[in-house]
Amino acid sequence: MEDTNFFRRGERQIRERYRFINDMLAWTGAVRSADLREEFAISPQQASIDLRGFAQETPGITYDEGRKCWVRDQAFDPSAAGDLEEFLSRYPSMRHRLGFEELILPWQSASASIVQTLMASRLGRIPALIEYQSITSDMPTKRVVCPHTFVVDHLIMRFRAYCRKAAAFRDFRVSRVRSASLINDQGWVDGAADREWFEFVEVRIAPHPDLTPSQAMITMDEIGLPVFGGTVRIRKAILLYLLDGLGLLEAVQAGHGRPDKFARYVCENPGELMLFLPKRA
């Protein structure tokens, strides 16, 4: 009897290599036998079989004798390749081979044992007793929390949790947790009760009026919105971090939504958003 699992595994591996070929053609315009050999540790013969097989299935691919590689032409459709970050994440070795250098910035450090305790708390539905150092207090305070979601925002890891001290759901920076331990003598508050996490708000963003038309176009293109402005739908619980990242937080808290002339964006609906933000000091 034939081992059908063996054939299915073989088919899956071929499809993975075909996807690599497709992505290489989409992003670089060409793919070589050496690319396949280096990425998948296969023989030159298998790489050649894969390349020829993919070319037979896919229009718009020809072999360039001068360059000794397969190249795409106008008939090739690159749209199925996804975005660049997805491609580089799927094939980490390509970052160096394609000339990408990653900028390493200081990450807000967090103890591995604390992160492990918080994750165990969430998965086991067991409250955690944490000692938390707030930026607004000189001394750390003890809090019993029930984490339900971790949020990575640029260089900061936060977690969203029910806080018994505040009797409400709050955000905490993992790097400011001094200690954490599981406790079994208090009940669990489920994240399903966190209304601000499950409710969404729309933020209307437009280019700053002091920008030139060309500046406005590139500025909005960087965040994937039309040049005349657009809408971002986001959870109420993390609205503050979106506005802060766009340099709009203080302007929205002030009620006008328009930062100074050095800013790139304005918020067109600050009045609707002020209700969901902490008051200015």
Side-chain angles (χ1 to χ4, degrees), residues 106-205 231-255 257 267 269-281:
W107 172 267
Q108 289 196 355
S109 61
S111 163
S113 63
I114 287 174
V115 175
Q116 291 163 0
T117 300
L118 293 171
M119 289 186 174
S121 170
R122 177 188 178 278
L123 293 174
R125 299 171 63 85
I126 304 170
L129 174 64
I130 65 172
E131 193 175 36
Y132 190 73
Q133 179 63 69
S134 170
I135 198 68
T136 59
S137 175
D138 291 334
M139 298 296 294
T141 58
K142 291 186 177 181
R143 301 166 181 260
V144 176
V145 297
C146 303
H148 70 75
T149 305
F150 293 88
V151 179
V152 177
D153 170 29
H154 298 293
L155 307 175
I156 302 169
M157 179 186 285
R158 297 181 173 88
F159 64 96
R160 181 84 174 169
Y162 182 80
C163 173
R164 290 203 174 275
K165 181 179 177 66
F169 286 93
R170 292 287 186 265
D171 299 325
F172 299 91
R173 292 194 184 196
V174 175
S175 60
R176 294 178 182 170
V177 178
R178 306 290 81 177
S179 65
S181 59
L182 302 180
I183 57 173
N184 293 298
D185 60 350
Q186 299 201 36
W188 179 261
V189 178
D190 195 90
D194 188 355
R195 291 181 56 187
E196 289 190 348
W197 183 258
F198 292 101
E199 293 179 355
F200 287 78
V201 65
E202 292 187 344
V203 184
R204 297 203 301 272
I205 302 169
T231 299
V232 175
R233 187 170 181 266
I234 191 168
R235 298 180 190 274
K236 289 180 180 178
I238 54 178
L239 168 65
L240 181 148
Y241 309 121
L242 170 69
L243 295 175
D244 190 35
L246 294 174
L248 291 169
L249 180 58
E250 291 187 2
V252 172
Q253 287 176 317
C267 175
N269 59 330
E272 300 172 21
L273 307 179
M274 292 175 63
L275 300 173
F276 313 117
L277 297 173
K279 300 295 187 295
R280 299 180 74 192

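Predicted, not measured: the structure shown is a model, and the values here were computed from it.
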Item to complete: Please report the shortest heavy-atom distance between Ser121 and Pro147, naming the atom on each side.
Response: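 For Ser121 and Pro147, the tightest heavy-atom pair comes out as OG-CD, 3.2 Å.
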Output side-chain donor-acceptor pairs under 3.5 Å for residues 269-277, partner residues at least two apart or in another chain, one line each.
| residue | atom | partner | partner atom | Å |
| --- | --- | --- | --- | --- |
| Asn269 | OD1 | Arg204 | N | 3.0 |
| Asn269 | ND2 | Glu202 | O | 2.9 |
| Asn269 | ND2 | Glu272 | OE1 | 3.2 |

Fill in: Salt-bridge criterion met for Lys236 and Glu199 (N-O under 4.0 Å)
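Glu199 and Lys236: salt-bridged.
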So how far is it from [X] [atom1] to [Y] [atom2], rounded to the nearest 0.5 Å?
| X | Y | atom1 | atom2 | answer |
| --- | --- | --- | --- | --- |
| Cys146 | Gln186 | SG | CD | 8.0 Å |
| Leu240 | Asp244 | CG | CG | 6.0 Å |
| Lys142 | Ser181 | NZ | OG | 8.5 Å |
| Leu248 | Ile205 | CG | CD1 | 6.5 Å |
| Leu129 | Ser179 | CG | OG | 7.0 Å |
| Ile135 | Asp138 | CD1 | CG | 10.0 Å |

I'd like to know if the side chain of [X] and the backbone of [Y] have a donor-acceptor N/O pair within less than 3.5 Å.
| X | Y | result |
| --- | --- | --- |
| Glu196 | Phe200 | no |
| Tyr132 | Val174 | no |
| Thr117 | Ser113 | yes |
| Arg143 | Ile130 | no |
| Arg178 | Ser175 | yes |

Check whether any side-chain heavy atom of [X] lies under 4.5 Å from a side-chain heavy atom of [Y], and answer yes or no.
| X | Y | result |
| --- | --- | --- |
| Phe169 | Cys163 | no |
| Phe150 | Arg122 | yes |
| Trp197 | Thr149 | yes |
| Val189 | Arg164 | yes |
| Leu239 | Val203 | yes |

Worksheet item: How about Tyr162 and His148: are their ring centres within less than 6.0 Å of each other?
Response: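 No.
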Fill in: Cation-aromatic face contact Arg158/Tyr241, 6.0 Å, 45 degrees
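Geometry flag: set, cation within 6.0 Å and 45°.
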Worksheet item: What pairs meet the salt bridge (Lys or Arg N to Asp or Glu O under 4.0 Å) rule with one or both residues in residues 109-118, with sequence neighbours excluded?
Response: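 Of all non-adjacent pairs touching residues 109-118, none passes salt bridge (Lys or Arg N to Asp or Glu O under 4.0 Å).
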Worksheet item: Among pairs that include at least one residue of residues 180-194, which meet salt bridge (Lys or Arg N to Asp or Glu O under 4.0 Å), considering only residues two or more places apart or in two chains?
Response: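 Those involving residues 180-194 are Arg125-Asp190, Arg160-Asp194.
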Item to complete: Show the numbers, then the answer: is there a side-chain contact (heavy atoms from CB on, under 4.5 Å) between Phe172 and Ser134?
Response: CA-CA 9 Å; Phe172 299 91; Ser134 170; over 6 Å; no
Discussion item. Run the side-chain contact (heavy atoms from CB on, under 4.5 Å) test on Leu242 and Val232 for me, step by step, so that the C-alpha distance in whole Å, both residues' side-chain angles and the decisive distance to 0.1 Å come before the verdict.
Written reply: CA-CA 10 Å; Leu242 170 69; Val232 175; 4.1 Å; yes
